[in-house]
Amino acid sequence: MTLPRVIVLATGGTIAGSSSSAASSARYQAATVPVSALLEAVPALKDVARIEAEQVAQIDSKDMSFGLWARLAARVHHWSTQDDVAGIVITHGTDSLEETAMLLHLAGVASVPVVLTAAMRPATSLSADGPLNLLDAVRVAAHPDAAGKGVLVVINQEIHAGRDAVKAHTSAVDAFASPGTGPIGLVQDALVRFTRAPLRLPRQALPLPQNWPAVEIVASYAQPGRAVVDALVASGVRGLVVAAAGNGSIHETLVAALADAARAGVAVVRSTRTGAGNVIAPAQPNPSAGAFVSAGDLNPYKARVALLLALGADPALAGDPVRLQQFFALI
Ligand code: SIN
């Protein structure tokens, strides 16, 4: 039997991290082990798929950039157009994985399953989680049931929708969660089982911007100043995502500054800093009353990725909260 062909695109992270002390999971250097060594450490891979690997980058994912996103998306697109590729696995740092997953989800760059995986412990640690996560990710990417489910995240034996997965713990091996929705499947040894399909798949692929708009995140908390918002507007920011309290509540000082920003043509999107739940959209967006566009259940980091792509595709959305709200309602 011919095994499915799976491409592994490596970008660095703790899954490729190493330490001089096997006993420490805290003191290590991320992004040092090449993808060839990661694959060699998991002999069982050769029974699951015919693997080809590419070292797209070797970074700590806290340093993710628009340029690397564009390069990664281009490599994903390239490989997905090869006839016999069954799926693509991306090894990534956990710190910004949720943003890259959101980007690839919205960009829709692949016609085959794209599975991001990572590790919380470096490759040299006493009980590294990377080898099993990599094997499980390849199992999912090669599995026929993964087709049509968009970008996926496989870690700690769970399959998450790329739109929903977030890093929710600093150090635990079960650091990833999909707040409010939960995982969409599991991997147990050779068993790959999807328990449901993700419903919020993009209706239309959004191209990555040629010129990335300036989109930043500000937070609401006790007695904030307005200087940060004013400085961002003066610097030419096109969009602001607010990590608001609760159901999108914003301190009155910030509301005044953000309303001025919206009147100046800056897109203002309310998300929540709570970690779960929806920010409910008002019936009529009205920036002067502080009723800005709602990000729904997207956390501020995922909402920023969505706003980057929306404004990149259609800069006029910055001054059109009604249309921008429709965009967020559909993704
Ligand atoms: C990183 O995000 O590159 C480092 C942290 C990790 O992968 O867990």
Side-chain angles (χ1 to χ4, degrees), residues 1-16 33-58 61 68 71-94 97 100-101 103-105 107-119 123 128-162 165 176 183-194 197-198 201:
M1 186 188 77
T2 312
L3 291 174
R5 183 180 178 209
V6 171
I7 309 301
V8 176
L9 302 178
T11 68
T14 293
I15 193 167
V33 181
V35 64
S36 52
L38 296 184
L39 296 172
E40 273 162 29
V42 191
L45 282 169
K46 69 174 183 341
D47 302 325
V48 178
R50 288 177 291 134
I51 294 189
E52 280 160 64
E54 203 176 288
Q55 191 81 50
V56 178
Q58 189 64 296
S61 79
L68 179 49
R71 195 155 83 237
L72 182 60
R75 295 317 291 156
V76 169
H77 177 69
H78 164 81
W79 284 111
S80 81
T81 56
Q82 309 299 304
D83 277 353
D84 57 344
V85 170
I88 298 169
V89 169
I90 300 172
T91 60
H92 200 289
T94 59
L97 185 148
T100 301
L103 180 99
L104 295 173
H105 164 79
V109 280
S111 48
V112 297
V114 175
V115 181
L116 287 99
T117 194
D129 52 335
L132 181 59
N133 288 343
L134 179 57
L135 179 60
D136 286 350
V138 171
R139 283 172 167 149
V140 172
H143 200 281
D145 289 354
K149 296 198 171 56
V151 171
L152 301 169
V153 174
V154 171
I155 190 162
N156 195 43
Q157 295 184 277
E158 292 179 339
I159 309 172
H160 294 263
F176 277 77
I184 63 168
L186 57 85
V187 189
Q188 195 176 336
D189 296 334
L191 174 75
V192 172
R193 173 156 294 162
F194 285 90
L201 293 172

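Computed from a predicted model, the values in this text were never measured in an experiment.
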K.L.:
Under 3.5 Å, is there a donor-acceptor pair between the side chain of T91 and the main chain of A118?
P.N.:
no

K.L.:
Specify the closest pair of heavy atoms between P198 and I184, including all atoms of both residues, with the distance to one decimal.
P.N.:
CD-CD1, 3.8 Å

K.L.:
What's the separation between atom CG in N156 and atom OG1 in T117, rounded to the nearest 0.5 Å?
P.N.:
10.0 Å

K.L.:
Is L45 close to V6 at the side-chain level, that is, under 4.5 Å between some pair of heavy atoms?
P.N.:
no

K.L.:
Backbone N or O of Q188 within a donor-acceptor pair of the Q157 side chain at under 3.5 Å?
P.N.:
no

K.L.:
Consider side-chain contact (heavy atoms from CB on, under 4.5 Å). Of V76, V89, L9, I7, which one does V114 pass it with?
P.N.:
V76

K.L.:
Using atom types as modelled and distance alone, determine if a side-chain donor or acceptor of E158 lies under 3.5 Å from a backbone N or O of L186.
P.N.:
no

K.L.:
Could you report the tightest heavy-atom contact between A141 and P113, atom names first, then the distance?
P.N.:
O-CG, 4.1 Å

K.L.:
Using a 3.5 Å distance criterion without hydrogens, assess whether the side chain of N133 forms a donor-acceptor pair with backbone atoms of V154.
P.N.:
no

K.L.:
Do the side chains of V85 and E52 get nearer than 4.5 Å, heavy atoms only?
P.N.:
no

K.L.:
Please report the shortest heavy-atom distance between A101 and V151, naming the atom on each side.
P.N.:
O-CG1, 4.0 Å

K.L.:
For I155 versus A119, what's the shortest heavy-atom pair and its separation?
P.N.:
CD1-N, 4.5 Å

K.L.:
Checking side-chain polar atoms at under 3.5 Å, does W79 have a donor or acceptor matched by the opposite partner on E54?
P.N.:
yes

K.L.:
Between H92 and T11, which heavy-atom pair has the shortest distance, and what is it?
P.N.:
CA-OG1, 3.3 Å

K.L.:
With heavy-atom distances below 4.5 Å as the criterion, would you say the side chains of F194 and L152 are in contact?
P.N.:
yes

K.L.:
What pairs with D136 under salt bridge (Lys or Arg N to Asp or Glu O under 4.0 Å), at least two apart in sequence or on another chain?
P.N.:
R139

K.L.:
Which distance, rounded to the nearest 0.5 Å, do you find between the CD1 of I159 and the CG of D145?
P.N.:
9.0 Å

K.L.:
Say whether, by atom type as modelled, one donor and one acceptor occur between the side chain of H77 and the main chain of V109 under 3.5 angstrom.
P.N.:
yes

K.L.:
From I90 CD1 over to L104 CG, what is the distance, rounded to the nearest 0.5 angstrom?
P.N.:
5.0 Å

K.L.:
Taking all non-hydrogen atoms of both residues into account, name the closest pair between D189 and V187 and its distance.
P.N.:
O-CG1, 3.6 Å

